[in-house]
Structures are given as structure tokens and as C-alpha cells.
Amino acid sequence: MGAIEKFQEVLATRHQYAQDWKKKHNGKVIGWLCSYSPVEIMYASGMLPVRILGSHEVQDVTDRYLFPTVCPFSRDALAQGLKGRYNYLDGITMARTCSHVQGTYDNWKNYVPTPFKYYIWQPNHVQSPRAIPLMVREYKGFIAALEKFTGKKITDEALNKAIELYNKNRRLMKQVYEFRKQEVPPITGAECMEMVVASQLMDLAEHNKLLEELLKELPNRKLDRNHGLRLMMIGSEMDDIVFVRMMEELGCTVVIDEHCTGSRYFWDEVKLEKDPLTDIAARYVNRWVCPAVSAEFKPRFDRVLEHAKNWKVQGALVYQQKFCDPHEFDIPHLIKMFKENNIPTLVLEFDVTIPFGQFRTRIEAFLEMLELELV
Amino acid sequence: MITAGIDVGAKMIKVVIVKDNKIVARSINPTGFEPVETAEKTLGEAIKQAGITRKDVNKIFTTGAGRKAIPFADNNVTEVTADAKGTSYLFPSVRTIVDIGAEEARGISSDASGKVLDFSKNDKCAAGAGAFVESMSRALEVTVPLLIEISHKSTKEAPINATCAVFAESEVVSLIHSKIEKADIAHAVHDAIASRVSSMVRRIPIEKDVALIGGVANNTAIVEAMKKHLGVEIKVPEKPEYVSALGAALLAAA
Amino acid sequence: MTTGTKYKTAPLKCWQKGKELRLEAYRDLATGHEQGKLLVLGCAATPYGMLAGLGDFVFLAGEPYGASVAADPPVSIPAMETYEAKGYARDMCGYMRNFLGTMFQDKYYFTGGPFPKFDFAWSVRHCPAGHPKWHQIVSEYQGIPMNYIDDETMLAIDGDQEARIEYVAGQYLDSIEWMEKITKRKYDDEKGIEAMRNYFINEALWGEINLLNGAIPAPIDIKSMFALMPISMLRRHEKVAIEFLTELRDELKDRIGSNIAAVPNERYRMCMLTPPPWSFLKVFRYLENFGVVFVGTYVYLINSGEVKFLYDEGKVVPATPPEKRPGWKTMKNREDLCRTVARWRAEHPFQSHLDTRKKEYVIMFKHWKANAYLLLINRGCVPMTTSMYDFQRDLNKQGIPTAMFEGNFADCRDIDETGVLDRLETFLEGQGIQKIQEI
Amino acid sequence: MTTEFYRWTENSWHSPDIDWHKAQTVTCGIDVGSVSSQAVIMVDDKIYAFCNTRTGSNSPDSAKKALSISLNDTGMKQEDIQYIVGTGYGRVNIPMAGKAITEIACHARGANYMGGPRVKTILDMGGQDLKGIHCDERGKVTQFLMNDKCAAGTGRGMEVMAELLQVPIVDVGKMSLDVKEEPEPVSSTCVIFAKSEAIGLLRSGWTKNQVLAAYCSAMAHRVVGLLERIGIEKEFVITGGIAKNIGVVSRIEKELKIKAMPLSPDPQIAGGLGAALFARDLLLKSRKAA
Ligand SMILES: Nc1ncnc2c1ncn2[C@@H]1O[C@H](COP(=O)(O)OP(=O)(O)O)[C@@H](O)[C@H]1O
Ligand SMILES: Nc1ncnc2c1ncn2[C@@H]1O[C@H](COP(=O)(O)OP(=O)(O)O)[C@@H](O)[C@H]1O
Ligand code: SF4
Ligand code: SF4
Ligand code: SF4
């Protein structure tokens with residue numbers, strides 16, 4: 001089985017994977033809810049960190065808990081908990097960011113039987129010089145709670161190891177992203193998405209091995225498909241791989257992304273400057289910012305544009321989860337920025353499930369618009 | 001004591017006459033644009049059926065969306081109150097009532113005496129009600145009874161993702177294109193409604209027994225799907241569309 | 001149904017004075033900038049008294065401004081449409097849409113004239129994502145500097161609360177330096193401290209006034225309170241507000257002493273958790289026909305008043321101004337000021353944690369001797385509604401009846417008035433409350 | 001079975017003057033929309049025949065039907081058509097089509113043909129969608145926007161209303177203009193709830209015409225809202241079935257303070273026409289390559 005198939009398999013059997021891991025390592029699994037959750041610390045505690053994601057099926061269990069204008073991503077995630085699919089979790093954590101996911105966390109805490117729960121008070125004024133010192137102290141609280149729960153000390157050594165592992169993972173994934181710069185990318189957007197989402201579900205030691213294999217394979221990999229136009233995907237959370245696959249079949253390739261389940265999540269490494277804890281804190285304060293915690297367009301937009309240029313995109317798919325207000329604020333401004341740089345955009349709004357017919361028409365029309373000559 | 005309850009629904013007007021705590025007549029007509037006349041006519045039919053005269057009727061209560069428009073009524077009560085009363089008369093053990101009408105669905109939690117403890121209604125979208133079934137039957141080009149019949153024969157799940165009744169129609173068309181069996185689509189339609197209604201009903205506590213009333217309770221495919229979604233047995237009265245009118249008549253006698 | 005007792009009513013004596021003060025506050029908003037005062041944009045939870053250190057200022061809180069526009073549909077609808085035409089989403093904060101709409105139209109609501117250019121925007125981040133994002137758009141559009149303090153939910157259960165107070169105090173200190181830099185004015189610590197002192201006193205007074213509605217019959221109804229709220233909202237840093245609120249409080253006490261009611265047929269007392277639908281305040285008048293009196297709303301107390309909750313005893317009492325609390329210092333310098341504000345914000349957040357809020361809701365309900373909660377689900381406000389169903393369940397579990405309706409409270413297009421009245425009537429019917437026939 | 005008021009008149013036309021036997025190219029565009037299907041036959045660069053019919057529950061059949069109606073009395077047979085492009089909602093399911101192109105590109109192209117190179121903004125109001133489209137002087141799309149959340153303000157919405165009021169849909173526009181006073185525009189954005197609102201208006205004594213006026217105003221207002229987001233240029237046209245509803249169109253023009261440029265022969269065939277034009281391009285290109 002190739003690396004990509006393995007990622008796909010983990011995605012399809014994520015709950016089984018986590019439970020098998022538990023058995024094999026006689027270990028514990030901790031779920032996390034927002035990409036600001038410090039995975040390094042969780043890993044250093046000996047637990048397997050897994051991201052809590054939805055299943056994109058119609059469900060009718062969350063309305064009782066979350067008002068319908070809470071973003072579908074948050075509702076879908078809570079539904080999984082309410083349906084008992086995450087009953088194997090030993091713990092759950094969430095970094096203070098967006099009030100929608102916060103709703104998921106609050107309700108999870110009260111209505112899903114997960115033994116260990118910890119809310120990390122992530123400073124939301126990331127531009128303040130006061131943020132990193134606070135982050136360090138908040139992480140100390142988290143570490144103390146984890147130590148108490150697992151009965152195991154989290155040493156600097158363990159933290160350093162986790163940093164090394166995650167940094168390596170980030171580096172390797174970035175190398176895979178480099179291949180997407182090629183004129184005929186040897187890997188599709190959907191496959192890359194599978195890779196990144198799998199990194200949020202798997203033991204990284206294993207994921208890294210797969211990445212190394214993949215990197216060996218990529219130089220000679222040829223895809224039997226029409227790669228079409230080069231697109232970028234930008235927006236809030238996005239793990240609807242079925243959708244991306246449908247889209248790429250219409251004659252385009254997603255060559256780069258900027259979203260919470262993709263590059264925005266993993267791009268920044270922990271810079272080794274001071275002690276491990278301060279370094280991790282600095283990463284989560286200075287990382288590629290999510291609009292949920294930023295009141296400045298510029299830092300994010302500059303990076304988005306740089307990505308768009310480096311990967312030579314021909315059009316951008318700007319999307320949001322329905323009702324995702326942090327991103328909705330940015331969208332008109334993002335569109336303006338793209339327009340000023342002659343990159344056409346298509347805006348889509350995602351729900352737990354997607355009416356494929358309508359979306360398909362929009363994407364096809366967008367692709368037709370991008371083609372220089374239709375016929 | 002003889003009392004009448006008139007349910008002035010979005011689609012149908014229903015009348016029930018109760019004599020000494022017993023149902024003696026029922027009648028129904030499409031509401032149309034002249035609800036007062038229709039109500040008068042429907043009441044007349046019921047009176048005839050009961051073998052009494054208009055003067056014998058001691059009191060008339062109305063309920064339903066158009067309840068305030070009937071000048072000859074003595075008083076009016078909301079559908080929620082009427083539903084709870086009517087259901088508790090038919091099934092004293094019921095604590096949760098689901099009423100699905102043409103355009104509105106409701107969940108009601110009540111006690112043994114038929115007093116309302118809590119309720120919820122669909123606010124935003126009409127996607128989870130009888131009108132949805134009707135527009136789907138049109139999209140599939142089959143009658144409602146046939147839609148229900150084939151729905152029971154379904155063997156596969158098919159998704160309907162759009163919440164809007166109008167958009168769902170085109171999803172149905174695209175399901176037909178993807179060569180999905182009509183039976184499976186019919187099933188999906190009912191499933192979609194049941195899912196939306198259950199979602200709304202879940203906002204109130206669901207306690208046993210559960211009853212389904214309103215015109216749509218005649219639809220056996222919906223009843224099946226509701227059972228599956230709520231995970232409980234569901235009682236359906238005979239002539240479920242008359243329960244609100246019955247409740248109004250009983251309240252008039254109180 | 002019996003009609004019940006009929007209470008004596010009398011107009012409020014201080015009403016006229018209140019009206020004048022309110023008009024004065026609005027006038028200031030309209031002309032203050034021309035008189036050389038700084039014009040600062042913020043949000044309702046911003047401790048704007050601190051701005052006094054920079055000299056005279058006019059502070060515009062976005063929410064009450066948005067509410068004023070929203071209450072006036074002929075102005076509000078075109079404003080929101082202007083906003084939408086710019087490509088912004090319709091499902092965002094209703095207050096913001098009204099605010100930005102009039103900004104894009106260049107129509108200042110209070111004057112009808114051009115929309116003012118702010119000197120800067122400075123707020124707390126009371127609504128995760130919301131406010132600073134809103135100001136970001138203003139800042140971009142008007143080319144003005146903005147800054148904010150991240151100080152919400154500091155008492156979240158897990159973690160190091162003292163560290164957060166330091167973090168927040170530090171941000172306040174930094175922001176004073178920032179203000180000095182962008183306004184090129186020297187910050188006078190004395191003045192800032194003085195104004196914040198008034199601010200705290202006014203918050204406590206307004207809180208106390210809200211608590212007085214625990215009396216039966218209620219001495220003041222919610223619509224009058226909404227009318228007087230701008231004084232406590234806009235002028236918290238001023239001595240005149242202290243004088244007025246003291247007078248109001250004393251008058252309410254007198255009314256309680258002589259059994260004077262706000263609504264003659266008080267039969268059923270209700271309270272709320274959120275602000276009302278601004279374009280549909282007549283819902284309260286309608287409910288008076290059922291003998292329903294509204295005695296208060298939780299958000300009232302939280303964003304423009306302060307009370308003290310005694311969780312263990314299940315009680316609520318008037319708040320003491322921070323400096324008088326055991327273990328707190330008298331403010332002498334800028335550090336004291338910032339630390340006091342930070343500590344105070346920790347205890348008096350706009351959004352406390354879910355579990356804390358649940359406790360407070362019940363305490364308020366009992367204090368107000370209410371019969372039911374009216375829960376408004378505001379489609380235009382995520383933080384206030386995310387967990388409304390959860391609250392509802394929790395309240396019901398404790399035997400508290402709840403009536404609920406949804407809509408957007410700052411968007412009249414998104415309130416189904418007939419539907420709402422229908423729901424409320426259904427609810428009251430279930431509670432055995434019927435319209436009072438011919439009083 | 002009662003009368004189906006939502007049924008608009010199906011129509012077809014063919015040119016008595018063109019002799020297709022001598023043509024260089026004979027191409028066809030078939031637009032299977034959610035509500036209606038059109039086939040447009042082009043002989044060289046001229047419209048030769050078209051028809052407009054209701055879409056059934058299955059798109060291959062609808063396409064076949066549209067094609068055969070447009071061929072009626074022309075002597076032309078399907079084999080005589082050299083290239084067919086499918087468009088519209090059912091485009092992927094048109095067996096005789098050589099290629100499928102979205103209705104967005106086709107409407108722009110068709111509007112460009114009928115309105116000339118000056119056309120900059122196209123408002124397509126069809127059965128289920130509202131589309132605002134910008135195009136260049138060749139009819140190539142440069143930007144577009146579609147409604148998504150709600151079906152209110154679409155042709156199907158209008159059909160629901162026509163049926164409710166038992167007014168033939170073709171008369172809706174005219175009747176809605178025949179009023180002295182009209183109620184406030186229907187406020188509900190939901191088609192289904194709008195229906196209840198309309199019933200309420202009728203019951204409180206407003207006439208059918210007035211209720212229609214209220215609904216047309218509401219629809220026009222929503223459409224203008226969408227158009228404003230994409231921007232409107234003076235050179236603007238309306239395509240799709242609602243272009244035939246004078247009640248909605250005149251209210252849109254009034255709100256925008258610009259008149260839509262007239263489109264002939266029929267604004268509803270813009271999609272099919274665009275498809276036929278693309279078919280011609282494709283045919284010529286393949287000949288060149290060969
Ligand atoms: N025998 C039946 N089978 C299926 N659906 C039915 C049947 N009878 C009534 N209905 C549905 O019930 C709805 C009418 O229900 P009713 O409770 O009378 O509504 P309302 O009170 O809103 O007028 C209609 O949408 C109709 O399709
Ligand atoms: N002659 C007409 N007069 C008024 N309205 C019409 C007429 N013909 C069609 N319509 C309206 O146009 C709608 C269909 O639009 P159309 O563009 O043909 O839809 P689509 O292409 O999406 O199937 C109908 O629902 C109806 O409301
Ligand atoms: S989009 Fe932002 S707030 Fe939401 S989960 Fe991702 S990082 Fe967190
Ligand atoms: S940032 Fe957006 S997508 Fe992410 S949790 Fe918040 S609302 Fe949902
Ligand atoms: S989506 Fe459809 S059912 Fe829902 S509000 Fe809109 S028109 Fe109504």
C-alpha cells in the first residue's frame with residue numbers, strides 16, 4: 001500500500017486507528033478542537049492527539065444543543081461526540097479562539113463522557129507583546145493537568161522530542177507541497193488534503209515514515225488525469241475531501257491551500273530559540289494567523305498572496321463554513337486583494353453536506369470563465 | 001353539553017363535534033380563500049352528521065392558523081393547547097406530541113391532563129412539513145399515496161442534502177438522473193422530513209409515549225421514518241388530522 | 001380567569017430629567033467632535049472612563065448606536081442593504097450591519113449628516129472575533145488606528161487566572177502608551193482614575209436599580225429602563241450620571257415603599273437574558289394586555305451595570321465599587337488603574353463562563369421573583385445564542401418555564417412579528433394566562 | 001385534475017426564409033433547465049428554429065422532446081444537425097450532445113448574440129437560480145454571482161404563487177401592474193412562508209392583483225440586492241423565463257433606474273442559443289483541425 005492509500009485508509013477508519021493505537025501502546029488518546037491546540041504538548045504527555053472532525057452526514061442530534069447558526073463544522077464535530085463515536089477518547093482540549101467551536105467544547109464537556117477536559121486560554125491578542133509570557137503560563141497549567149491525569153511527568157526532553165517530530169512533519173509536508181509547484185503536479189489537491197488531515201489523526205512517527213516514502217515516490221509519479229487549471233483554496237475549516245475530488249474531476253488541480261485543515265495548520269515550525277515551552281508558546285502566538293484571533297488583515301493576506309504567486313495559481317476558491325463570522329469579515333477584503341492582483345475568485349459557502357449539483361455548476365462556470373478560449 | 005371545535009388550518013378546515021365527552025361528528029374541507037364560509041359550511045356538515053341543529057351547539061372554539069378569523073366562534077385556542085388536549089383524550093399516556101401539518105410542524109410536551117409543558121415549532125424553513133411531500137410528489141411525477149407506497153419498498157439510502165423544499169425538488173431530479181430508483185428517492189424524501197422534524201422536536205424533552213398527529217400522520221412512510229429518527233415507538237390515532245379540532249371542542253366543553 | 005389586584009401607578013418623577021440627560025448625551029455624540037473632543041469608537045463593555053486621561057472625549061459604543069438605527073426601520077433597511085451591496089454577509093452581527101451601513105452611506109444617525117471620522121477605535125474583545133473585526137473594517141475604511149484589549153472570560157475554570165490579570169493589565173498599560181502616541185497627547189493619570197471611579201460607581205448604581213425590580217409590584221418596567229439605559233451606557237464616567245442614577249434609585253425605593261407599580265395589572269412576571277428586538281419593542285406593550293410585566297434582562301446588568309452574585313447562598317446583592325472591596329487597592333497611579341480595571345473586568349465580564357452564567361440566570365430569576373424567562377434567539381449574535389438551547393434545558397430542569405422565539409434583533413426584516421406573538425400567546429396559554437378582557 | 005396555472009405557454013418557431021440544405025454549419029444548443037427546456041437550431045450564424053417546453057422528471061427525455069418540437073415542420077432531422085451542445089441543469093444527461101457547457105457561459109454568449117457586443121451585465125432569472133453575470137464584448141464571462149441559500153425570488157417561487165392565486169403565470173405580470181395601491185412587499189423570504197403571507201393578505205381583503213404586486217415587488221427587490229453585489233452596467237439585459245414577467249421586470253428597472261435592453265427573438269432561449277453558438281465554434285474548430 002502506498003503512502004497516499006494509507007492516508008486514505010486512516011481517514012476512512014480513523015476511530016479504529018485510534019483505538020488500535022490505544023491497545024498497541026497501552027496509551028491514551030486526546031481529542032482537540034481548534035488548530036491552536038498545542039499538539040506538541042499533548043504528544044509529549046504520551047497521548048495520541050487526534051483532531052475532532054465531522055463526518056459530513058446529515059444529522060439531527062445537535063439542534064438541541066447548538067443553535068442552527070453555529071457553523072456546520074462545529075455542529076458536525078459535536079454530533080460525532082453526541083453519537084458516541086468518540087467514546088474511546090480519554091481527554092479533550094480546546095484552545096480559546098472562535099465562539100462557534102467553543103460552543104462545541106462547552107457542550108461536549110457537559111454531554112459527552114470524556115474523562116479529561118481542559119480549556120486552554122489562548123491569548124487572542126496575538127500582536128500584543130504580553131501574549132507569549134501568558135501563553136507560557138497557560139501551557140504550564142495544561143502540562144500540570146496532563147501530568148496529573150496521566151501520572152507521567154512531561155519533561156523538557158519529551159517536549160524537545162515532540163517538537164522535533166512535529167517540525168520534521170511540517171518540513172516534510174512542505175516538501176510535498178513543493179511538488180505542487182510543478183507544471184503538472186504529481187499529486188492532487190484531494191490527496192494533499194488527505195495527507196494533512198491524516199497527520200492530525202495519526203501517530204506522527206508513522207506519518208513521517210509515510211511522508212518519506214511519498215517524497216521518494218513523487219519525482220516519478222505520473223497521474224492519469226487532466227490537471228487543468230491551477231487553483232488555490234482559501235477559507236475556514238475544510239475537510240470535505242469528496243467535494244475536492246469532485247471539483248478536481250471537473251478539470252482543475254488545487255495546487256495550494258490556505259485553511260485550517262491545511263497549510264495554515266502546519267506551516268510554521270517551532271523555532272528553537274529559548275526553552276522548549278517558550279518556543280512552543282511563541283509558535284502558537286506567532287503562527288500563520290486565523291482570522292478568529294486576528295484583527296489585522298495584513299499579516300494573513302500577505303502570506304496568502306505570497307502562496308498564490310509562488311504556486312502560480314490561476315484562480316482562487318474562497319470558501320467559508322456557513323455562518324463562520326470570523327472568515328466572513330475577511331472575505332470581501334480577500335476578494336479585493338485577489339482582484340487587485342488579477343486572480344479571479346469564486347466564493348462558496350459550505351454546510352455539513354453539500355448540494356452537489358448547484359456547486360458543480362458554479363465550479364464549472366468558474367473554470368469556463370478562466371479558460372482563455374472556451375472552444 | 002354539545003361543543004364544536006374548528007381547526008382553521010393552512011390547507012384544511014376540520015370540525016369535530018363533541019357531545020358529553022364523546023365525538024359525534026367530524027368533517028373536513030379545503031380552507032380556500034374564504035375561511036369563514038368554509039368554516040360555516042364544514043360546521044354545517046358536521047351538525048348534519050351529528051343529527052342536531054345549530055342551536056344545540058352550546059359553544060364553539062376555534063384553533064389553527066386562521067383561528068382568529070372566525071367571527072361566530074365563542075373563543076379560540078392555539079394549536080399547541082388544542083393538540084395537547086385532543087391527544088390526551090385519545091391517548092392519556094402520551095407525553096410527547098408531534099404534529100405535522102401542511103406547512104408547520106410542532107413538538108409538544110404535555111402532562112396527563114393535557115397541559116402543555118413545553119413546545120417547539122419550525123421557524124425558519126418550511127422544509128419539514130406536508131407541503132414538502134406534495135412538492136416532491138410532483139417532482140417525481142407520482143401521486144402522494146403512490147409515493148408512500150413505493151417508499152416502503154426502498155432498499156437503499158439516497159441523500160437529499162438541500163434543506164429548501166424548492167431546491168430539494170431539483171435534487172430529486174438529479175437523483176433521478178443518477179438512475180436511483182424512485183422507491184429509494186421516495187424513501188429519502190420521507191427520511192429528510194423526518195430528520196428535520198426530529199431535529200426540531202428534540203429541543204423539547206422526548207418522553208414516552210410519543211404520538212404523531214396532523215394530516216401528515218396519515219403518511220405511513222413518515223411514521224416509519226419518525227420512528228427510526230426518534231428511536232421510539234409512535235402512536236398514531238385514527239384520523240389524526242382531526243386532533244386539533246377535537247382538542248378545541250373538548251376545551252370548549254371545559 | 002380572575003383579573004387579580006390592580007395596582008396604583010404613577011409616572012416617574014425624575015423622568016423629565018432623565019430625558020434631558022439622554023438628549024444631552026446624544027447631542028454630544030452629534031457635536032462633541034466639532035467642539036474639539038476626541039471621538040473614539042468602542043463597544044459597550046469598553047471601560048471608556050480611562051479615555052478621560054487624554055482630555056475631553058466622546059465615546060461611541062457600536063452596539064447602542066446599531067440598536068438606535070435598528071429601531072428605526074426606514075433608516076435601518078436601506079443602511080443594511082448598502083452594507084450587503086458591499087459584499088458583506090447578511091448573517092453577521094445585526095448591530096454591526098446597521099453601523100457599517102450608515103457609515104458606508106455617510107449618514108450619521110444622530111444628525112442625519114455626514115458620518116463622523118473617529119480619532120481611533122479602542123475596545124475590549126468582549127465578543128470573540130466580533131468587535132475587533134468590526135473595528136478593523138472601520139479602521140480600513142476611515143484610515144484610523146485601532147487597538148483592543150483581549151480580556152474576556154478571564155476566569156475560565158482551567159489555568160492560571162493571576163497570569164491573565166497580568167496579561168490584561170499589561171495590555172491596558174500598553175494601550176495607554178499607544179493612545180499617547182497616536183493622539184500626541186499626554187495621558188493624565190489623575191483624570192483617568194477619577195473618571196473610572198465614576199464609571200465603577202455608575203455601574204454599581206445601575207445594577208442596584210435593576211435589582212430593585214425584585215419588588216412586587218415592580219416599580220419600573222423594562223421599556224422605561226431601555227429608555228433610561230443610554231445614561232448609564234454613555235455617561236458612566238460622569239458625575240451627573242451618578243447624581244441622576246442616585247435620584248432614580250431613591251425614587252424607586254420610595255415607590256416600593258408605597259406600592260406604586262409600573263403596570264397596573266401585574267399578574268405574571270417575566271425576565272430575559274438578552275437585549276430585545278429593537279424594532280419590535282411593542283411586543284412588551286402587547287404582553288401587558290395579558291398582565292405580563294417584564295422585570296429585567298440579564299444582559300442589562302452585565303454590560304451596563306454591575307451586581308454581586310453570592311453563588312453559594314444563591315443570592316444577588318448590589319456591587320461595591322472595586323476600590324472599596326476587601327483586598328483591593330486605592331488607585332494612585334497608572335499601574336494601579338490598569339490593574340484595577342483588569343481585575344474588575346475579570347470579575348465582571350460580558351460573557352462569563354457557561355456554568356457560571358447558568359448559575360447567575362437562576363439567581364436573577366429568583367431575585368426578580370419572575371414566573372418565566374423569555375429567551376430570544378438572536379440570529380445575528382453568535383456568542384449570545386450559541387448555547388441558548390442548553391440554557392433553556394438547564395432552566396427547565398430547575399422548574400423555570402421558558403418562552404422562546406428567534407429572529408434578528410437588529411434586523412426588522414428578520415422578525416416575524418405575527419409568528420412571535422403567536423408563540424408568546426401559545427406559551428402564556430400553556431401557563432394558564434389569558435388576555436385580560438376589558439379592563 | 002384542476003388547471004395547472006403555473007404552466008406557461010410552450011412555444012416554437014422556425015424561419016420560413018432560411019434554406020438549411022445549403023448551409024455550411026447546422027448546430028444546435030439544448031438547454032435543459034430545472035423548469036423549462038429549450039432547443040435552438042442555428043443554420044450558419046442565424047437562428048433557424050427554436051422551441052420552449054417544460055422540463056419533465058428526466059432530462060434525456062426532456063432534451064429529446066425539445067429537439068423534436070423544434071424540428072417540427074422543418075424537414076430537418078436530428079442526423080442533419082452537425083454538432084449539439086447541452087447546457088442547463090440537466091446538461092450532463094443529454095445523450096445527443098457532443099459537449100456540455102454551463103448555463104452561465106451560454107447565457108452570456110446568447111445574450112451577447114441577441115443584444116450585441118454592448119451587453120455588459122446579464123441578469124438571468126430562471127426556474128431555480130438567479131444569476132448576475134458580467135461579460136466582455138465577445139460574450140465571455142468575466143464574473144458571475146448566484147443566489148444559493150433560498151429559492152425565494154426564483155421562477156419556481158413565482159409558479160407557487162400563481163398556483164396559489166389561480167392565475168395563469170403568463171398573466172401575472174400584467175395583473176400585478178393593474179393596481180392603484182399595493183400592500184407592503186411580501187416580507188418573508190421563504191417561498192413557502194411567502195405563500196402563507198399571501199393567503200393572509202387575501203384574507204384581509206387585498207385583491208389578487210394587489211397580492212401579486214406585493215410579491216413581484218418583493219422579488220424585484222431581492223434581485224436588485226443580488227445585482228448590486230456584482231455591480232450593474234447600463235448595458236444590461238434580462239434573460240430566462242422571468243424576463244417575460246413584465247411585473248417583475250418593470251419593477252427591477254424602476255429600482256435600478258435603468259431600462260433593460262430588449263432581446264429578440266426570445267430572452268428565454270439565451271441559454272440554448274449560447275449553446276448552439278458554442279456548438280458552431282466547436283464544429284468549425286474541428287473542421288479546421290481535420
Ligand atoms: N392520507 C394522507 N396521506 C398522506 N398525507 C396526507 C394525508 N392526508 C393529509 N396529508 C397531508 O397532511 C397535510 C395537511 O395536514 P393538516 O394537519 O390538515 O394541515 P393544516 O392544519 O396545516 O391544514 C397535507 O400536506 C397533506 O399532504
Ligand atoms: N410566458 C411567461 N410569462 C411569465 N413568466 C414566465 C413565462 N414563461 C416562463 N416564465 C417564468 O420563468 C420561469 C422559468 O424560467 P426558465 O429560465 O425557463 O427556467 P430554467 O431555465 O431554470 O428551467 C418559470 O418558473 C416562470 O416563472
Ligand atoms: S478556523 Fe480558526 S478558530 Fe476555527 S478551528 Fe481553525 S484555527 Fe480554530
Ligand atoms: S472559525 Fe469559522 S469554521 Fe472555524 S469554528 Fe469558527 S465559525 Fe467554524
Ligand atoms: S430555503 Fe426554501 S424552504 Fe427554506 S426559507 Fe428558503 S424558500 Fe423557504
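So you know, we letter chains A, B, ... as the sequences are listed, proteins then strands, and number each from 1. Because the structure is a prediction, the values reported are computed rather than measured.
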- Message: Out of B:Ile204, B:Thr81, B:Val116, return the one with the most heavy atom pairs under 4.5 angstrom to chain C.
- Response: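 Looking at each option in turn, the highest pair count goes to B:Thr81.
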- Message: With chain C as the partner, which of B:Val80, B:Val77, B:Leu117 has the greatest number of non-hydrogen pairs under 4.5 Å?
- Response: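 Maximum pair count with chain C is reached by B:Val77.
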- Query: Where does B:Lys68 contact chain C at under 4.5 Å (heavy atoms): side chain, backbone, both or neither?
  - Reply: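 Just its side chain gets close to chain C.
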- B:Arg67 portion near chain C, given a 4.5 angstrom heavy-atom threshold: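 When you check distances to chain C, only side chain atoms of B:Arg67 fall under 4.5 Å.
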- Item | salt bridge (Lys or Arg N to Asp or Glu O under 4.0 Å) partner of B:Glu79, the single match among B:Arg106, B:Lys85, B:Lys14 |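 Result: among B:Arg106, B:Lys85, B:Lys14, B:Arg106 is the only option passing the salt bridge (Lys or Arg N to Asp or Glu O under 4.0 Å) with B:Glu79.
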- Aromatic plane relationship, C:Tyr83 with C:Tyr88 - under 30° parallel, 30 to 60° tilted, over 60° perpendicular: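 C:Tyr88 vs C:Tyr83 ring planes: parallel.
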- Pairwise distance CG(C:Asn98) to CE(C:Met80) - rounded to 0.5 angstrom: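 It is 5.0 Å, given to the nearest 0.5 Å.
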- Query: Passes side-chain contact (heavy atoms from CB on, under 4.5 Å), C:Asn378 versus C:Asn408? Steps please.
  - Reply: CA-CA 5 Å; C:Asn378 188 351; C:Asn408 194 315; 3.7 Å; yes
